[in-house]
Amino acid sequence: MNEYKDMLHYYDPDYKPKDSDIICLYKYEMKEGHEFGEGAEQLAAESSIGTWTKIGTMNDDIAKTLKPHVIKLEEEKGLATIAYPIELFEVNNMSGILSSICGNILGMKILESLRVCDIKFPKVVIDAMPGPAHGIEGVRKICKVEGRPLTGTIVKPKVGLTWEQHAEVGRQAWSGVDGKGLDIVKDDENLTSQDFNDFDSRMKATFKVRDEIESETGQKKTYLANITHSDFDEMMRRNDLIKELGGEVCMLDVVTLGFSAVHSYRLKNTGQIIHAHRAMHGAITRPPGFTISMLVLAKVYRMLGVDLLHVGTAGAGKMEGGALETMALVDNIEKDSVEANSEAETLGQEWFGMKPVMAVASGGLYPGVIPKVVKHMGKDIVCQMGGGCHGHPEGTQVGASAVVMATEAAVSGEDLDKYAEDKPALKTALEKWGTGK
Ligand code: CAP
Ligand code: MG
């Protein structure tokens, strides 16, 4: 039975959204037997004040103050834009906000598919969220890298090395050859505290190596240790150990941890840079079916206060996501004011001075594609590669230098093959993997 025609109506193309409205862009297909317009009505209802039938408990006051408005329907593109009054939400409760506008609607059976393409958040929500503690400028200052991308590697194998071996791989990556070592060594997302590589031993050994390399080279070196744990107290204990050992960054697997853990961790004001790995985001963001775009997640993580966020590689690496998608992400985490882009299906966003998040380009990268990554994503990135460093025919130490050299070429704009002529480390990497042209 379908009563939606007798119910409260939400379609109102003449409505002028207020500055304080939350605006959502939804893309959907209906199951057979249902009109496109019905989809928007049901979406608006289920994500706000309504339900599947007319209810006696609804009153004019609720309808007048809390009813969202479907302000645009573009059936040929499958798009509906809905403006929600801010009174529907608790402005500093991201989980609550998402339970409305990214909640039950993704399970509605009249829909064949649904994507939450973008959410435009008003100032009142941005102001209620912590945002990054450090942002791009702070990250650069702490990591002492200016004017170029930060270079890094993820220790590989992802899991399997002992803590002693892990620290040794770190030593090689940070040192490189001839003083050309990487800035960053990072734990992989699934390395936590395994029996053969327990967290505390790994931290002590790796930070000891980090300190040694810093005094040997006079260069600042950064270790991104993964503190992800489903027990928040244990995560905080790991945070404290890193601080005690002189670490400045903590890595969180932000999707598997959940929004509440990320928000709570940020509100602890630990002073640590938060590196956000997005493992599992594909289950939420990757079409087809019922999805929430990575753009929405990226905006949420900026508000919750991460400083560094994985956003893909503009098509250069192994993960799904081309330049259009990556650049929409980069724009929305790095700029203060972002224009709407109909091709990328984005609404635009004002950030009202919230600090920018530095983009992390990772996943299947190797030295030959670094110029392409920098061309698309700019210099304000962490450019990191696991396989593309440790897979170098001469090992991690030489591989690390190849990454550094390719980054130098990318920044100066020199042709990579030419730059490699008198640099065997880079030359060998280019011979092995090419330049992805
Ligand atoms: C990269 C990486 C990251 C991916 C995740 C990996 O290693 O450590 O987890 O970057 O994807 O294990 O794949 P490689 P994304 O350089 O060896 O590929 O950054 O898109 O979230
Ligand atoms: Mg990884």
Side-chain angles (χ1 to χ4, degrees), residues 149-161 166 169-170 172-173 182-192 194 197 223-228 249 251-257 262 274-287 291-298 300-302 306-330 333 357-370 372-373 376-377 381-392 395-396 399-400 402-404 406-407 429 432-433 436:
L150 282 77
T151 57
T153 191
I154 312 99
V155 174
K156 302 275 168 172
K158 281 170 177 273
V159 175
L161 301 178
H166 182 99
V169 171
Q172 293 176 18
L182 297 169
D183 305 310
I184 291 170
V185 168
K186 185 179 92 58
D187 289 352
D188 226 322
E189 70 283 351
N190 52 347
L191 182 65
T192 54
Q194 278 80 353
N197 187 341
Y223 179 34
L224 271 62
N226 180 17
I227 62 166
T228 300
V249 190
M251 169 171 142
L252 307 184
D253 291 345
V254 288
V255 181
T256 57
L257 277 171
V262 177
I274 302 177
H275 177 106
H277 193 290
R278 58 177 183 163
M280 204 173 90
H281 81 91
I284 299 170
T285 63
R286 192 170 181 187
T291 59
I292 300 167
S293 72
M294 183 60 210
L295 175 69
V296 169
L297 295 190
V300 166
Y301 292 128
R302 179 173 179 176
V306 310
D307 299 288
L308 298 160
L309 176 67
H310 285 239
V311 293
T313 57
K318 72 180 181 188
M319 306 301 270
E320 186 67 37
L324 184 70
E325 184 194 322
T326 303
M327 290 322 296
L329 296 174
V330 172
I333 62 171
V357 176
M358 186 179 265
V360 178
S362 189
L365 294 182
Y366 45 94
V369 292
I370 294 177
K372 189 174 161 193
V373 170
H376 282 297
M377 299 173 68
I381 56 170
V382 176
C383 192
Q384 67 185 32
M385 52 212 78
C389 170
H390 312 294
H392 191 285
T396 295
V403 175
V404 172
T407 308
K432 175 164 181 179
W433 292 302

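Order of listing sets the numbers, starting from 1, for every ligand and every atom in it. For clarity, every value in this text was computed on a predicted model and none was experimentally measured. Reckoned from all heavy atoms, side chains included, excluding hydrogens, waters and symmetry mates.
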- Query: Against heavy atoms of G387, which atoms of ligand 1 measure under 4.0 Å?
  - Reply: 14 (P), 16 (O), 17 (O)
- Note on the structure: When distances are taken from atom 19 (O) of ligand 1, the protein heavy atom at minimum range is H310 ND1, 2.7 Å
- For K158 and ligand 1, does the shortest N/O to N/O distance drop below 3.5 Å? yes
- Item | Protein residue, atom and distance nearest to atom 16 (O) of ligand 1, heavy-atom basis | G386 N, 2.7 Å
- Tell me which protein heavy atom sits closest to atom 10 (O) of ligand 1, plus the residue, atom name and distance to 0.1 Å. S362 OG, 2.9 Å
- Nearest protein heavy atom to atom 7 (O) of ligand 1, by residue and atom, and its distance? K156 NZ, 3.1 Å
- Which word best sums up how the rings of H310 and H275 line up, parallel for under 30°, tilted for 30 to 60°, or perpendicular for over 60°? perpendicular
- Query: Would you say V311 and M377 make side-chain contact, with heavy atoms under 4.5 Å?
  - Reply: yes
- Note on the structure: shortest atom 9 (O) of ligand 1-to-protein heavy-atom contact is with H277 NE2, 2.8 Å
- Region of T313 engaging ligand 1 - heavy atom pairs below 4.0 Å: neither
- Enumerate the atoms of ligand 1 whose separation from the nearest heavy atom of G364 is less than 4.0 angstrom. 14 (P), 16 (O), 18 (O)
- Item | Residue-ligand contact Q384/ligand 1, heavy atom below 4.0 Å | no
- Query: With a cut-off of 4.0 Å, which atoms of ligand 1 are near a heavy atom of K318?
  - Reply: 6 (C), 13 (O), 14 (P), 18 (O)
- Using atom types as modelled and distance alone, determine if a side-chain donor or acceptor of T291 lies under 3.5 Å from a backbone N or O of P287. no
- Task: Report the distance from atom CG of D253 to atom CG of N226, rounding to the nearest 0.5 Å.
- Result: 5.0 Å
- Note on the structure: Taking only non-hydrogen atoms of M385 and a 4.0 Å limit, the atoms of ligand 1 in range are 16 (O)
